[in-house]
S.K.: 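Below you will find the structure I want to go over with you.
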There are 2 protein chains.
Amino acid sequence: MSGSNKPRSRWRSGATIKDVAAAAGVSPMTVSRVLNKEPVVTLATREKVLKAVGDLDYRPNFSARSLAKARSFFIGLLYDNPSAGYISEFLNGAVARGKADRYHLVLEYCPSGLQSVFSDANVDGVILLPPVCDDINTIVAVERLGVPYVRISPDLAHEKGLQITIDDRAAAARMVRYLIDLGHREIGFIKGHPNQGASREREAGFRAVMAEGGLPVREDFVVQGYFSYKSGLVAAEVILSKTDRPTAIFASNDDMAAATVAQAHRLGLEVPTDLTVVGFDDTEIASAVWPTLTTMRQPIREMAEAAVDQLIAMINNVDAAESPRNSSFVCELVQRDSSG
Amino acid sequence: MSGSNKPRSRWRSGATIKDVAAAAGVSPMTVSRVLNKEPVVTLATREKVLKAVGDLDYRPNFSARSLAKARSFFIGLLYDNPSAGYISEFLNGAVARGKADRYHLVLEYCPSGLQSVFSDANVDGVILLPPVCDDINTIVAVERLGVPYVRISPDLAHEKGLQITIDDRAAAARMVRYLIDLGHREIGFIKGHPNQGASREREAGFRAVMAEGGLPVREDFVVQGYFSYKSGLVAAEVILSKTDRPTAIFASNDDMAAATVAQAHRLGLEVPTDLTVVGFDDTEIASAVWPTLTTMRQPIREMAEAAVDQLIAMINNVDAAESPRNSSFVCELVQRDSSG
DNA sequence: CTGTTAGCGCTTTCAC
DNA sequence: GTGAAAGCGCTAACAG
């Protein structure tokens, strides 16, 4: 940190609630009531106050309000290297939803393993994105914080804390059924990162439907990936370099599906003519590659909105916090050009 | 908002600085000094205090500290639909850098046009991402806030406020020289969104080098894009559907370059055999498509770190704020598979 | 419907 | 090197 800490000799203006009260000829308390939209205030009084607020360009002091209300009006967002598309989509939803209730988002980068959570922030609630939502150290740290929290697409069910999920298994099952309906019999599968519950669920959905359809799963067509583009490249090569190969590959996310398409091209295979490729999530990349990817759209934005909503409800209403109402979102099959 | 607002009957723990002081047998003031790492305190005292802090699991109240210090320790980040890759990269840098000085980032979504900036947050400084950094209403609103701000890759030079830029013109020039060195003579260009200065600069760099090399610019090979994948698809079609076409296309960002590759494929052209395509930014998509894109890497993370650094310096030191030291970052040509 | 009093938890200032 | 008093700007709780 640099030098002397003398603050604000020119920053920050300074009209306080007292100034507004004086200008409007009322008490600070009345100003406070107007600002907090309490319905009791007379219309006339309200207007006087609002005028004074405008004249003085008054902006309430967040810290003072927080201190008095014993609330920070901040929600912490714990993340750790999600794909760019995922986090940016999530942020859009969460920021918009928080704004309505005057909540702001504070970002905390949480490389799992490091338990350096919340060095000193005081937030009213916390949202944990995968895979942080499954890091036990982080969860413990958040619980010690004593604030409500929401876990997004978590793996293990954990006593407290609300969970916002999608039914990964059902969604994966739907995708495999789609492939079978298309006439595919030999279907390859690229698994997701083993540190995420979604990976197991998606695989389970895949296997369930294959079994259901009486189709044997060729274990050498099921390979480990890690949700990254690179890992998809490797996995696809393993599957496609065999003399016999599947007619379709279901990758556990879009990045790996995109990589599979690229690998297919490299090996001289046309998509979808020679090989059908499908992904999961419907992140940006799904519409960016060529051919565009058939995938399972995860309603990330809606999930973010729900997370913020529920969190605010829990912050306001302790009862709600006692009996969290987990919610599960449904995915939508988005058919594009990579399947046939 | 839901129901009654009775707070924290079970959330929030509660050890205050007084409790710590009592436990350590010192005054609150001494605890404060220890916590703020003021060097005056005796080692013995310091240790007593630290032990009490640990025992009580004390975490300082951010709001109280902010109120007393007249500082929020929050930095606002104003954004408006940047590409996912851009914002997520920027966030990584900014969050990490802020952490070192106990600053946190608060996100504000600022659809330009709407001047709904900072409904009520009080931040110590503001970072404006493009294109918000060029929205005059937003700039005015931020100036009225009375806090220092940094603009990232801004268009018009504006009196106050620090600017973190790259030399778009020079970078674009370098890319065009690279293409010429590769033997290309007929080079197409897809412009960026006209609301961003970077677009004009990149085009200027393109034209300068073409002129420098004595190569005429075919105006029908220069078409308008808007930085989106879709706009790139359209632009590329315009250029490539002619009977004669350029041997190389320089798109003003990666999304449009990726779209150009896709469009080329659709038209039966091989990249780079039949057509060289290059982009700008080196965002995620550049390594995600096939063939991977040759592009100009913009050091987004470093720029984010610099922005936070400078902002904190300005917050702490008014003198620094008087004479902002703008900084310009250099880009790096990343050669991949889409050029030849 | 509006005002008064007190205090949130911390830090500043000034003593000692 | 440490402590006591006062106050940051706001709102809860109570009066009236």
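Chain identifiers are assigned alphabetically (A, B, ...) following the order of the sequence lines, protein sequences preceding nucleic acid strands; residue numbering begins at 1 within each chain.
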S.K.: Send over the distance from Glu38(A) CD to dT11(D) C1', rounded to a whole Å.
M.R.: 9 Å

S.K.: Starting from P on dG3(D), measure out to CD1 on Ile17(B) and report it in whole angstrom.
M.R.: 12 Å

S.K.: Ignoring the backbone of Val41(A), work out which of dT2(C), dC10(C), dC10(D) is nearest its side chain.
M.R.: dT2(C)

S.K.: At less than 4.0 Å, is any side-chain N or O atom of Asn36(A) found next to OP1 or OP2 of dT11(D)? Yes or no.
M.R.: yes

S.K.: Which is more 5' along DNA chain C, the nucleotide nearest Pro39(A) or the one nearest Pro28(A)? Just name the residue.
M.R.: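 The residue closer to the strand's 5' end, by nearest nucleotide, is Pro39(A).
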
S.K.: For the CD1 atom of Ile152(A) and the CD1 atom of Ile300(A), what is their distance to the nearest 0.5 Å?
M.R.: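 Those atoms lie 10.5 Å apart.
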
S.K.: Quick check for you: among dT13(C), dA12(D), dC10(C), whose closest atom lies nearest to any side-chain atom of Ala68(B)?
M.R.: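 The answer is dC10(C).
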
S.K.: Arg65(B) CZ to dG9(D) C1': how many Å, rounded?
M.R.: 18 Å

S.K.: Find the distance Arg33(B):CZ to dA4(D):C1' and express it as a whole number of Å.
M.R.: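 Value for this atom pair: 11 Å.
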
S.K.: I need the Gln310(A) CD to Ile315(A) CD1 distance, nearest 0.5 Å.
M.R.: 11.5 Å

S.K.: OP1 or OP2 of dG3(C) less than 4.0 angstrom from a side-chain nitrogen or oxygen of Thr30(A), does that happen here?
M.R.: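 Answer yes for this pair, as a side-chain N or O of Thr30(A) is under 4.0 Å from OP1 or OP2.
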
S.K.: With distance as the sole criterion, do the side chain of Arg46(B) and the base of dG1(D) form a donor-acceptor contact below 3.5 Å?
M.R.: no

S.K.: Between dG9(D) atom P and Phe62(B) atom CZ, what is the distance in whole Å?
M.R.: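 To the nearest whole Å, that distance equals 18 Å.
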
S.K.: Among Phe62(B), Phe74(B), Phe73(B), which one satisfies ring-ring contact (aromatic ring centres under 6.0 Å, His included) with Phe74(A)?
M.R.: Phe74(B)

S.K.: Provide, to the nearest angstrom, the distance between the CG atom belonging to Asp19(B) and the P atom belonging to dC8(C).
M.R.: 11 Å

S.K.: Rounded to the nearest angstrom, tell me the gap between atom CZ in Arg102(A) and atom P in dT11(D).
M.R.: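 Nearest whole value for this atom pair: 8 Å.
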
S.K.: Using atom CZ of Arg71(B) as one end and atom C1' of dC10(C) as the other, report the distance to the nearest whole Å.
M.R.: 15 Å

S.K.: Return yes if some donor-acceptor pair links the side-chain N/O of Arg33(A) with the main-chain N/O of Glu38(A) below 3.5 Å, else return no.
M.R.: no

S.K.: Report yes if a side-chain nitrogen or oxygen of Thr42(A) is closer than 4.0 Å to either non-bridging phosphate oxygen (OP1 or OP2) of dT2(C); otherwise report no.
M.R.: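 Indeed, a polar side-chain atom of Thr42(A) lies that close.
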
S.K.: Return the CD1 to OH distance between Ile127(B) and Tyr149(B), rounded to the nearest 0.5 Å.
M.R.: 13.5 Å

S.K.: Here's a test of your reading of the structure: between Leu67(B) and Val40(B), which maps to the more 5' nucleotide of DNA chain D?
M.R.: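 Looking at DNA chain D, the more 5' nearest nucleotide goes with Val40(B).
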
S.K.: Which part of the nucleic acid, if any, lies within reach of Thr45(A) when heavy atoms closer than 4.0 Å are counted: base, sugar-phosphate only, or nothing?
M.R.: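 Sugar-phosphate contact only - Thr45(A) comes under 4.0 Å of backbone atoms but never of a base.
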
S.K.: May I ask you to say what Ser63(B) touches in the nucleic acid, namely base, sugar-phosphate or nothing, with a heavy-atom cut-off under 4.0 Å?
M.R.: nothing

S.K.: Please pick, from dC10(C), dT11(D), dG3(D), the nucleotide with the shortest atom-to-atom distance to any side-chain atom of Ser27(B).
M.R.: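 Of the options given, the side chain of Ser27(B) lies nearest dG3(D).
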
